Amino acid sequence: MLSLKFIQDNPEFVIERLAVKHFDARAMVGQVLALYQKRNESQLESDRCKAEMNQLSKEIGQLFKEGKSEEAALAKEKTVVLKERIRLFDEEFESIDAQLAQLQVQMPNLPSSLVPGGRTAEDNEVVVQGGVMPVLPEGYKPHWELAAQYDLIDFELGVKITGAGFPVYKGYGARLQRALINFFLDQAREAGYLEVQPPYVVNEASGFGTGQLPDKEGQMYHCPVDGLYLIPTAEVPVTNIFRDVIVDAKDLPIKTAAYSACFRREAGSYGKDVRGLNRLHQFDKVEIVRIAHPDKSYESLDEMVRYVTTLVEKLGLPYRILRLCGGDMSFTSALTYDFEVWSAGQGRWLEVSSVSNFESFQANRLKLRYRDEATKKPQIAHTLNGSALALPRIVASLLENYQTPEGIRVPDVLVPYMGCEIIR
RNA sequence: GGAGAGAUGGCAGAGUGGUCGAUUGCGGCGGUCUUGAAAACCGUUGUACUGUGAGGUACCGGGGGUUCGAAUCCCUCUCUCUCCGCCA
């Protein structure tokens, strides 16, 4: 979320930037400015009364010690009025503060100046296109047919056990999952990321910290008895490692990678989007998360984009990188690059990674700070994350792009992990 | 699931109604000494909000209460630990 101070100091800038996300913030900003001032006035009054109260209490204690109980009783009477005033000012403060928090949470992150102003996915800017389009054999198939033909994935079995969107991977299908996870984690480690294994279930505070709660509540599986949520991405538990933490500036950027299963309700999805592996309720992903110095976070973002590029290139998949437009980017992001790979059997691009700089938006919620080397004061850090990579669509693309009449070829980098060069 | 114990500053660990934002130790930072380091000694060392500033206020797991005054007493919630049971 944006800090109140920032909104107060830059109201017009906030309104102008949020317009790029097609969010009209004028009324909200106006309310924030008015409430912020009122809140501070209440605090000032309350603090004054409390100071007086503290002083009085000390005096009363002193009087008792000296045995002047009559004077003490007199002083006690004065506290009654003060107490009531404190109560009123505090109530007012609490009420205004809650309203402010409400407004704050509703305001999206400001898009960076690089963000194009479009409205829909059509308006995203293709910044890089790479790889070579495969030449498919006669009678090529989409991945769900290939998965059935080679007995790699059983979608119906998943329906029996759980429901649609929870496939069962079998044989080389299961092994391919494991191969990709290991490949991605090994690559991340070599690139300097610390591997962690986070919980797959998080509490409410964590959901709030990364911005899933309160507004995206419906997208997560929820265990109300325990007040816990299944993670939609490892971003949530991993970024929350740093909630309420003050890190040393010299440790920045902090680079963390984690594999996790991800759970998404995906309410409202339908049609070709959910066919096969295109959109699942449970899927595997390796996520990279970085904590960066505010002056260096865009350098970090570029590094992450370059890193993800190496992954799709090593897998030999045709890809493109999109810079998301204001209308298509997420609530929490300041700048997002999406990676798409070509799904030759379906003839469409599939999103396999989203790399974002959240600047201070998450860090404000998380109270994630670094200690400034010069001033020694805690400052809000920047957070970034990206998929590196999400498995199902990579699998879809691999199966389709590498299909041959003899079987599915295994990309060279995966051969050591798969123990074979072709899936028959 | 049953029984008990506990939650204090980066960590360890005091503190049972008043001058306690909190003794002390460790760690960190600065300094003296040293060719350098260690040791020793001295000093310093939380966060947030607010105020132009001096300063003020809040915070001892969360919330509520008693009191002129709460880290300290009461209620409640959450969490952690130990033992037993069950178990990957």
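Source: prediction; values computed, not measured.
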Where RNA chain B forms stems, i.e. three or more consecutive Watson-Crick or G-U pairs with both distances under 3.5 Å
B:1-7 with B:78-84, B:10-12 with B:24-26, B:27-32 with B:40-45, B:46-50 with B:55-59, B:61-65 with B:73-77
Residue pairs meeting ring-ring contact (aromatic ring centres under 6.0 Å, His included), one or both in residues 286-307 of chain A, sequence neighbours left out, come to A:Tyr193-A:Tyr307, A:His293-A:Tyr370
Quote, to the nearest angstrom, the P distance that separates B:A70 from B:G62.
16 Å
What integer number of Å spans the C1' atoms of B:G27 and B:A88?
39 Å
Give me the distance, rounded to whole Å, that separates B:U66 from B:G4 when you measure between the C1' atoms they each carry.
28 Å
Determine whether a donor-acceptor pair (N or O, by modelled atom type, separation under 3.5 Å) exists between the side chain of A:Ser46 and the backbone of A:Ser42.
no
Could you tell me whether the side chains of A:Glu195 and A:Tyr259 share a donor-acceptor contact shorter than 3.5 Å?
no
Could you run through nucleotides 52-76 of chain B and give me one letter per nucleotide, 5' to 3': B if any protein heavy atom sits under 4.0 Å from the base, S if only the sugar-phosphate is that close, - if neither?
----BSS---------BS-------
Is the shortest distance from a Lys or Arg side-chain nitrogen in A:Arg26 or A:Glu16 to a carboxylate oxygen in the other one below 4.0 Å?
no
Once you round it to whole Å, what is the distance between P of B:G51 and CZ of A:Phe93?
11 Å
Hey, does the side chain of A:Arg39 come within less than 4.0 Å of B:U50's phosphate (OP1/OP2), counting only N and O?
yes
Describe the nucleic acid contact of A:Lys5 in one word from base, sugar-phosphate, nothing, applying a heavy-atom distance below 4.0 Å.
sugar-phosphate
Students often mix this up, so state it plainly: with edges at 30° and 60°, are the rings of A:Phe183 and A:Tyr417 parallel, tilted or perpendicular?
perpendicular
Mind checking A:Tyr36 for me? I need base, sugar-phosphate or nothing, with any heavy atom below 4.0 Å counting as a touch.
sugar-phosphate
Gap in Å between the two C1' atoms, one belonging to B:A71 and one to B:G13, rounded:
14 Å
Less than 4.5 Å apart, any side-chain heavy atom of A:Met107 and any of A:Ile7?
yes
Are the charged groups of A:Arg48 and A:Glu45 less than 4.0 angstrom apart, N to O?
yes
Salt-bridged, A:Glu41 to A:Lys38, with N to O below 4.0 Å?
no
At less than 4.0 Å, is any side-chain N or O atom of A:Arg371 found next to OP1 or OP2 of B:U47? Yes or no.
yes
For A:Val238 versus A:Ala258, what's the shortest heavy-atom pair and its separation?
CG2-CB, 3.6 Å
How many Å lie between CG on A:Asn364 and C1' on B:A48, as a whole number?
13 Å
When the C1' atoms of B:A14 and B:G9 are compared, how many Å lie between them, rounded to an integer?
13 Å
What's the gap between B:G6 and B:G61 when it is taken at their C1' atoms, as a whole Å value?
11 Å
Closest-nucleotide ordering on RNA chain B, the 5'-leading residue of A:Asp226 and A:Lys376:
A:Lys376
Can you tell me the distance, in whole Å, between the CG atom of A:Leu228 and the C1' atom of B:U78?
13 Å
